[in-house]
Participant: 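Quick one: the structure is below, questions incoming.
These numbers were taken from a predicted model, which means no experiment stands behind them. All chains are named by letter (A, B, ...) in the order of the sequence lines, taking the proteins before the strands, and each is independently numbered beginning at 1.
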There are 2 protein chains.
Amino acid sequence: MVINIKLKSTSAERVASSLSGRGFKTTRQRDSIVRIFAAAGQHLSAEELYELVKKAEPGIGYATVYRTLRLLSESGLAHESRFEDGFTRYELSDSGSHHDHIICTGCGQIIEFENHEIEKIQQAIARKHHFLVTNHKHEIYGLCSSCQRKPQKE
Amino acid sequence: MVINIKLKSTSAERVASSLSGRGFKTTRQRDSIVRIFAAAGQHLSAEELYELVKKAEPGIGYATVYRTLRLLSESGLAHESRFEDGFTRYELSDSGSHHDHIICTGCGQIIEFENHEIEKIQQAIARKHHFLVTNHKHEIYGLCSSCQRKPQKE
DNA sequence: ACAGTAATTGAAAATGGTTATCAATATCAA
DNA sequence: TTGATATTGATAACCATTTTCAATTACTGT
């Protein structure tokens, strides 16, 4: 007897079904991209994702990765942020909760944070200037504990 | 009788003297760029500044504007920020005080803000992750009051 | 004032991340 | 299965920014 209780769908499944639900076609390439993206963890650049996907899908084109990333982004399934290092990084958005980033300028490590207090102050500031907030971006740059102990690149 | 008390130097003078003090040469082009930058107000992109400078200095090259902007930036006399609209904007830094931005996605208007409370929380968050903060960036995107009343571009 | 030296300039080409083009191919609905 | 339409991969185009390089200019010491 097999008991198979599906507690919750994986990110990849959730994204895939969300895409097909929106009228987009399911393709082998998109499946690979989404699955690998979900498995790889957060904050990938298009190039990093391309390199990973190429292992599973050797013929994949650069443009397809970019297109899929934009598709996910426009569908609200992924979120893109431009960091100071010059290129755009993406992360699958889990359940709409917004978070911000602490970035180590030594090793590139990215940590997420979320702070309700800051959001509240932010709203108050916007209100003072009669702004309707649609979005925000808060990045803290610094050195992680291990990079504080290493010499910095010149 | 002429009473001419110089209360404080202009931004342009301050920047120019700071540059020559650092061993950089004073050139007509740099003077124009800095003077026009100081007079034009804040948050200019390289292209916008180039267009302005061209009126006073018709032969000016694109590269010179970029180079000067980078020079100012590296000397700490200007600050550059990459907004979501794709290109980098600069502002002359007045007295080292850091501030953040509220950007209207309708009309591009940029308002500055500064909030000590947020900075404190930020430090606490960084400390919790054992980070040494060197920098931060906080941008609030939204619609200014007048853009809230206009239809949005499709 | 003048020459020597090193920095700066303008024009144009190069760079690098990202997007558009287009013919071939794959997906989906009927 | 077939036809309409979306997607793909390769490549060219984009576009902000940077580099290159020869000509010019600013500063230093005389």
Participant: If the plane angle is over 60° it's perpendicular, under 30° parallel, otherwise tilted; pick one for His101(A) and His99(A).
Facilitator: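 Rings of His101(A) and His99(A): perpendicular, over 60°.
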Participant: Nearest whole angstrom, please: distance from the P of dA6(D) to the CZ of Arg70(A).
Facilitator: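 After rounding, the reported distance stands at 16 Å.
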Participant: Starting from P on dA16(D), measure out to CG on Asp85(B) and report it in whole angstrom.
Facilitator: 10 Å
Participant: Can you tell me if Tyr66(A) touches the phosphate of dT18(C), counting only side-chain N or O atoms and a distance under 4.0 Å to OP1 or OP2?
Facilitator: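 For dT18(C), OP1/OP2 do have a side-chain N/O of Tyr66(A) under 4.0 Å.
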Participant: Over how many whole Å does the gap from Arg89(B) atom CZ to dA16(D) atom C1' extend?
Facilitator: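 Result: 13 Å.
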Participant: If I take atom NZ in residue Lys54(A) and atom P in nucleotide dA10(D), what distance separates them, rounded to the nearest angstrom?
Facilitator: 11 Å
Participant: Could you state the atom-to-atom distance from OH of Tyr50(B) to C1' of dC15(D) in whole Å?
Facilitator: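 Tyr50(B) atom OH is separated from dC15(D) atom C1' by 15 Å.
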Participant: Respond yes when some side-chain nitrogen or oxygen of Arg30(A) is under 4.0 Å from OP1 or OP2 of dA6(D), and no when none is.
Facilitator: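 The answer is no; no side-chain N or O of Arg30(A) sits under 4.0 Å from OP1 or OP2.
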Participant: Can you find a pair of side-chain heavy atoms, one from Leu69(A) and one from Glu80(A), that are under 4.5 Å apart?
Facilitator: no
Participant: His43(A) pairs by side-chain hydrogen bond (donor to acceptor under 3.5 Å, both in side chains) with which of Gln109(A), Glu112(A), Arg89(A)?
Facilitator: Glu112(A)
Participant: Let me know the distance between CD of Glu48(A) and C1' of dT18(C), rounded to the nearest Å.
Facilitator: 15 Å
Participant: Could you state the atom-to-atom distance from CZ of Arg82(B) to P of dT18(C) in whole Å?
Facilitator: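 Spelled out: CZ on Arg82(B) to P on dT18(C) is 11 Å.
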Participant: Select from Thr26(B) and Tyr62(B) the residue whose nearest nucleotide in DNA chain D is closer to the 5' end of that strand.
Facilitator: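 On the 5' side of the pair lies Tyr62(B).
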Participant: Tell me which of Thr88(B) and Arg67(B) sits closer to the 5' end of DNA chain D, going by the nucleotide each one is nearest to.
Facilitator: Thr88(B)
Participant: At under 4.0 Å between heavy atoms, what does Phe87(A) touch on the DNA or RNA strands: base, sugar-phosphate, or nothing?
Facilitator: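 Sugar-phosphate: the residue Phe87(A), judged by heavy atoms under 4.0 Å, touches backbone atoms but no base.
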Participant: Do the side chain of Lys25(B) and the base of dT25(D) come within less than 3.5 angstrom through a donor-acceptor pair of N or O atoms?
Facilitator: no
Participant: So, taking the atom named CD1 in Ile36(A) and the one named CG in Leu44(A), what distance separates them when rounded to the nearest 0.5 Å?
Facilitator: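 Output value for this atom pair is 10.5 Å.
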Participant: Should Gln29(A) be listed as having a side-chain N or O under 4.0 Å from OP1 or OP2 of dT7(D)?
Facilitator: no
Participant: Tell me the interatomic distance from Leu71(B), atom CG, to dT17(D), atom P, rounded to whole angstroms.
Facilitator: 17 Å
Participant: Taking the six-membered ring for Trp and the full ring for Phe, Tyr or His, determine whether the centres of His129(B) and Phe113(A) are under 6.0 Å apart.
Facilitator: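 Ring centres of Phe113(A) and His129(B) not closer than 6.0 Å.
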Participant: Please work out if Arg28(B) contacts a base, only the sugar-phosphate, or nothing of the nucleic acid, heavy-atom cut-off 4.0 Å.
Facilitator: nothing
Participant: Whether Thr27(A) contacts dT27(C) is assessed here as follows: a side-chain N or O lying under 4.0 Å from the phosphate OP1 or OP2. Is that the case?
Facilitator: no
